[in-house]
A.B. asks: 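Here it is: the structure, laid out below.
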Amino acid sequence: MSVSTSNTAIRSDLRNVAIVAHVDHGKTTLVDAMLRQTNSFAAHNHLEDRVMDSGDLEREKGITILAKNTTVFYDGPSAEGETITINVIDTPGHADFGGEVERGLSMVDGVVLLVDASEGPLPQTRFVLRKALAAKLPVVLLVNKTDRPDSRIDEVVSESMDLLLGLASDLADEVPDLDLDLVLNVPVVYAAARAGAASLEQPADGTVPENDNLEPLFKTIIDHIPAPRYNPEGVLQAHVTNLDASPFLGRLALLRIFNGTLRKGQQVAWARQNGELKTVKITELLATKALDRVPTESAGPGEIVAVAGIEDITIGETLTDVNNPQPLPLITVDDPAISVTIGINTSPLAGKVKGAKVTARQVKDRLDKELIGNVSLNVLPTARPDAWEVQGRGELALAILVEQMRREGFELTVGKPQVVTRTVDGKIHEPMEHMTIDVPEEYLGGVTQLMAARKGRMTNMSNHGTGWVRMEFIVPARGLIGFRTKFLTDTRGAGIASSYSEGYEPWAGDIEYRTNGSMIADRAGVVTPFAMINLQERGSFFVQPTSEVYQGMIVGENSRADDMEVNITKEKKLTNMRAASSDTFENLTPPRNLTLEESLEFAREDECVEVTPESIRIRKVVLDPNERMRAARSRARA
């Protein structure tokens with residue numbers, strides 16, 4: 001239903017809202033509950049939890065990587081007799097996937113800010129909220145997990161309001177027409193998403209809201225998130241905000257219609273990034289219903305739909321009127337901060353996996369394909385024709401890309417992550433991160449020492465009296481390369497750390513990432529338990545007995561600072577004597593199985609990671625020890 005006021009009309013039957021939060025505060029669980037309570041799953045007999053996290057990596061890691069949209073049709077008491085379509089965008093909570101957040105916010109008219117009732121606002125909460133306020137979007141505060149035993153609802157609401165006011169003050173210069181009423185009159189909803197319960201009345205700490213459904217949340221969204229506005233006389237303007245693919249229809253462009261009507265079979269003008277205008281036909285138009293896309297004949301202003309038939313369309317482009325084209329501005333995202341070099345696998349074991357993709361052309365085509373849908377990524381050429389510099393927001397985002405390629409059958413060589421620097425007034429500036437760390441009190445000294453070694457400076461420290469301390473640091477982004485593994489080791493896995501971008505500052509000087517050297521295989525062969533038992537006092541291993549190794553491959557971490565060449569393929573000499581303990585290896589310490597992220601963190605500047613569909617290995621960039629020594633001498637002379 002549309003309501004007209006002079007040149008502006010309002011779609012009162014429609015709401016577009018994004019759910020934004022820090023990692024693991026319950027966004028996807030809340031979307032599950034919204035879908036269930038609007039009977040959106042009638043056609044789905046079997047339903048898994050966190051249905052919006054559809055990717056294998058998302059389910060394994062328990063995080064949202066890609067922004068996705070779903071639609072619920074609400075006809076409860078607050079709808080007053082009509083059915084209101086609510087398009088819900090589930091956005092990632094990790095700053096490394098900030099490009100997904102930015103394009104998700106370009107589709108909506110307001111946000112639900114979800115905050116954990118115990119942890120309160122964390123760095124990514126600040127990151128996504130700043131983006132929402134900069135876009136002048138109204139906010140609904142949802143305090144989730146009120147049933148946590150350690151919840152502190154009053155303090156969390158106070159901290160969230162302080163954060164809102166602080167961000168509004170910070171943005172006063174950037175967004176001079178920011179409406180302070182958006183900040184001062186933020187409604188608060190209390191919820192336990194797992195129980196599907198929400199209330200406008202604050203429950204006691206550690207309890208589920210008395211109301212047994214999400215009706216208060218739906219009412220708040222309808223009352224406080226504005227309905228889409230459009231010009232009834234305006235020409236077609238539809239912004240491409242995401243891409244998908246269908247095995248039957250090819251590339252699908254997901255878009256938000258701002259003005260006009262889009263119809264199946266219609267001829268439209270396609271405004272490309274390079275300024276070119278091209279006439280194309282909409283061969284298929286799809287609307288979203290819960291988890292499914294269904295064909296539709298037309299879609300109007302404010303709606304979020306998918307179109308097929310435009311093969312090379314990319315994010316940020318516009319579909320507009322053929323006779324009077326009026327393109328919308330391109331979507332802009334923050335600059336990349338971290339880069340890695342990705343190239344073909346150059347190790348002696350390359351090509352051993354049957355069916356693996358090993359050629360430079362295959363790797364380049366895959367990186368080009370990733371650029372189409374990932375707006376926060378850059379791919380640049382290097383001096384080598386078979387390697388490329390890939391720039392992204394953070395170490396995790398780049399590791400996710402490499403892991404996806406590995407699962408698709410690619411063999412790669414991945415360099416150590418580096419920071420993307422800038423030159424300002426003739427001086428090198430590097431990206432900084434605002435890091436928030438929560439640790440038990442007994443680890444306070446160790447964490448402070450660890451951050452100081454990585455050039456971090458403490459800006460705030462608070463103790464809530466629960467035995468945990470919260471510290472905030474400004475630290476160079478390169479200081480966080482390899483930080484997480486060491487941090488979790490030092491805090492026995494109890495610490496929580498997260499960060500967001502804090503701009504650029506002058507180069508902070510050298511940072512020592514790793515105090516221990518590497519154990520390097522000095523020959524090719526098969527790892528023997530006999531050799532491992534004799535060497536295990538020298539350090540810890542990354543390889544298993546019977547693993548295949550080659551010269552220059554890193555097989556473990558030395559207990560001393562320097563690198564050590566070892567013969568890990570040494571076999572026991574056979575004799576005629578038989579001893580009771582001759583073939584028992586109970587004393588062999590189990591090796592460490594490093595993940596891809598841990599391997600990238602472990603690698604030094606002269607090391608890289610070999611990634612295949614079956615294995616992840618760390619190796620020296622230069623395999624031959626004599627050539628390595630010559631290269632080290634030339635670097636020392638330089």
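Keep in mind that the numbers below use all heavy atoms, side chains included, and drop hydrogens, waters and symmetry copies. Predicted, not measured: the structure shown is a model, and the values here were computed from it.
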A.B. asks: Taking all non-hydrogen atoms of both residues into account, name the closest pair between P625 and Q551 and its distance.
C.D. replies: CD-NE2, 3.5 Å

A.B. asks: Got a salt bridge between D150 and R148, using NZ or NE/NH1/NH2 to carboxylate O under 4.0 Å?
C.D. replies: yes

A.B. asks: Taking the basic N atoms (NZ, or NE/NH1/NH2) and the acidic carboxylate oxygens, is any pair closer than 4.0 Å for E411 and K357?
C.D. replies: no

A.B. asks: Taking the side chain as C-beta and beyond, is there a heavy-atom pair between D490 and L450 under 4.5 Å?
C.D. replies: yes

A.B. asks: Between I520 and R628, is there a side-chain heavy-atom distance shorter than 4.5 Å?
C.D. replies: yes

A.B. asks: Please examine the side chains of M461 and R470, heavy atoms only from C-beta on, and report whether any two atoms are closer than 4.5 Å.
C.D. replies: no

A.B. asks: Kindly indicate, with the supporting measurements, whether the criterion salt bridge (Lys or Arg N to Asp or Glu O under 4.0 Å) is fulfilled by R361 and D365.
C.D. replies: CA-CA 6 Å; R361 181 185 58 78; D365 288 348; 3.4 Å; yes

A.B. asks: Would you say E472 and I437 make side-chain contact, with heavy atoms under 4.5 Å?
C.D. replies: no

A.B. asks: Just to verify, what does Y443 make a ring pair (Phe, Tyr, Trp, His ring centres under 6.0 Å) with, not counting sequence neighbours?
C.D. replies: none

A.B. asks: Any side-chain to backbone donor/acceptor pair from E370 onto L367? Under 3.5 Å, distance only.
C.D. replies: no

A.B. asks: Determine yes or no for a side-chain-to-main-chain donor-acceptor pair under 3.5 angstrom, with Q536 supplying the side chain and T589 the backbone.
C.D. replies: yes

A.B. asks: Which value, rounded to the nearest 0.5 Å, describes the distance between Q404 atom CD and R407 atom CZ?
C.D. replies: 8.5 Å

A.B. asks: Evaluate side chain to side chain contact (heavy atoms under 4.5 Å, CB included) for R617 paired with T612, printing each intermediate quantity in order.
C.D. replies: CA-CA 9 Å; R617 307 180 184 97; T612 76; 4.2 Å; yes

A.B. asks: Return the OG to NZ distance between S599 and K416, rounded to the nearest 0.5 Å.
C.D. replies: 11.5 Å

A.B. asks: For residues V439 and G495, report the shortest heavy-atom separation together with the two atoms involved.
C.D. replies: CG1-CA, 3.9 Å

A.B. asks: Drop me the distance from N534's CG to K572's NZ, to the nearest 0.5 angstrom.
C.D. replies: 10.0 Å

A.B. asks: Side chain to side chain donor-acceptor pair (under 3.5 Å) between N567 and T569: does it pass, once the steps are laid out?
C.D. replies: CA-CA 6 Å; N567 179 6; T569 64; 2.9 Å; yes

A.B. asks: Is it the case that the side chain of R152 and the backbone of S118 share a donor-acceptor pair, with hydrogens and angles ignored and the cut-off at 3.5 Å?
C.D. replies: yes

A.B. asks: Where do V358 and Q362 come nearest, in terms of heavy atoms and distance?
C.D. replies: N-OE1, 3.1 Å

A.B. asks: Is a side-chain donor or acceptor of T341 paired with a backbone partner of G415 at a separation under 3.5 angstrom?
C.D. replies: no

A.B. asks: I'd like to know if the side chain of R619 reaches the main chain of V621, judged simply by a donor and an acceptor atom lying under 3.5 Å from each other, with no hydrogens or angles considered.
C.D. replies: yes

A.B. asks: Do the non-hydrogen side-chain atoms of V475 and R457 ever get within less than 4.5 Å of each other?
C.D. replies: no

A.B. asks: Can you find a heavy atom in the side chain of M519 that is under 4.5 Å from one in the side chain of E565?
C.D. replies: no

A.B. asks: With the side chain counted from C-beta on, respond yes when E441 and W468 share a heavy-atom pair under 4.5 Å apart, and no when they do not.
C.D. replies: no

A.B. asks: Rounded to the nearest 0.5 Å, how far apart are CE of M435 and CE of M458?
C.D. replies: 12.5 Å

A.B. asks: How far apart are the C-alpha atoms of E505 and H429, what are their side-chain angles, what is the distance that settles it, and do they pass the side chain to side chain donor-acceptor pair (under 3.5 Å) test?
C.D. replies: CA-CA 5 Å; E505 291 186 10; H429 283 55; over 6 Å; no

A.B. asks: Can you tell me if R406 uses its side chain to pair, donor with acceptor, with the backbone of P613 under 3.5 Å?
C.D. replies: yes

A.B. asks: Within the structure provided, determine whether V419 and I338 are in side-chain contact (heavy-atom separation under 4.5 Å).
C.D. replies: yes

A.B. asks: Checking K620 against D606 for the side chain to side chain contact (heavy atoms under 4.5 Å, CB included) test, could you report, in this order, the C-alpha distance in whole Å, the side-chain angles of both residues, the deciding distance, and whether it holds?
C.D. replies: CA-CA 6 Å; K620 289 292 183 181; D606 64 338; 3.0 Å; yes

A.B. asks: E610 and side-chain hydrogen bond (donor to acceptor under 3.5 Å, both in side chains): which single residue from N345, T413, T346 fits?
C.D. replies: N345

A.B. asks: Specify the closest pair of heavy atoms between S339 and Q391, including all atoms of both residues, with the distance to one decimal.
C.D. replies: CB-CG, 3.7 Å

A.B. asks: Nearest 0.5 Å, please: how far is OG1 in T595 from CD in E403?
C.D. replies: 9.0 Å

A.B. asks: So, T423 side chain and I428 main chain: donor-acceptor pair closer than 3.5 Å or not?
C.D. replies: no

A.B. asks: If you apply the rule side chain to side chain contact (heavy atoms under 4.5 Å, CB included), what do you find for V549 with V526, and how did you get there?
C.D. replies: CA-CA 6 Å; V549 298; V526 174; over 6 Å; no

A.B. asks: Let's go through D386 and R384 carefully: what are the C-alpha distance in whole Å and the side-chain angles of both, what is the deciding distance for salt bridge (Lys or Arg N to Asp or Glu O under 4.0 Å) to 0.1 Å, and is it a yes or a no?
C.D. replies: CA-CA 6 Å; D386 58 358; R384 286 174 44 197; 3.0 Å; yes

A.B. asks: Are any side-chain N or O atoms of N144 and backbone N or O atoms of D116, one a donor and one an acceptor, separated by less than 3.5 Å?
C.D. replies: no

A.B. asks: So, E557 versus S518: side-chain donor-acceptor pair below 3.5 Å or not?
C.D. replies: no

A.B. asks: Tell me the closest heavy-atom pair linking K570 and F530, and the distance in Å.
C.D. replies: O-CD2, 3.7 Å

A.B. asks: Do you know the tightest heavy-atom contact between Y550 and A521?
C.D. replies: O-CB, 3.5 Å

A.B. asks: Please determine whether a side-chain nitrogen of the Lys or Arg among K455 and D510 lies less than 4.0 Å from a carboxylate oxygen of the Asp or Glu.
C.D. replies: no

A.B. asks: Would you mind checking if D368 and K364 are paired as a salt bridge, meaning a charged N to carboxylate O distance below 4.0 Å?
C.D. replies: yes

A.B. asks: Under 3.5 Å, is there a donor-acceptor pair between the side chain of N626 and the main chain of R630?
C.D. replies: no

A.B. asks: Atom CG in L401, atom CG in L412: separation rounded to 0.5 Å?
C.D. replies: 8.5 Å

A.B. asks: Check residues 537-546 and write down every donor-acceptor pair under 3.5 Å in which the side-chain atom is one partner and the other belongs to a residue at least two apart or another chain.
C.D. replies:
from: S540; atom 1: OG; to: R592; atom 2: NH1; distance (Å): 3.0
from: Q544; atom 1: NE2; to: N593; atom 2: OD1; distance (Å): 3.2

A.B. asks: Run L377 and V390 through side chain to side chain contact (heavy atoms under 4.5 Å, CB included) and show every step you take.
C.D. replies: CA-CA 7 Å; L377 209 67; V390 181; 4.0 Å; yes

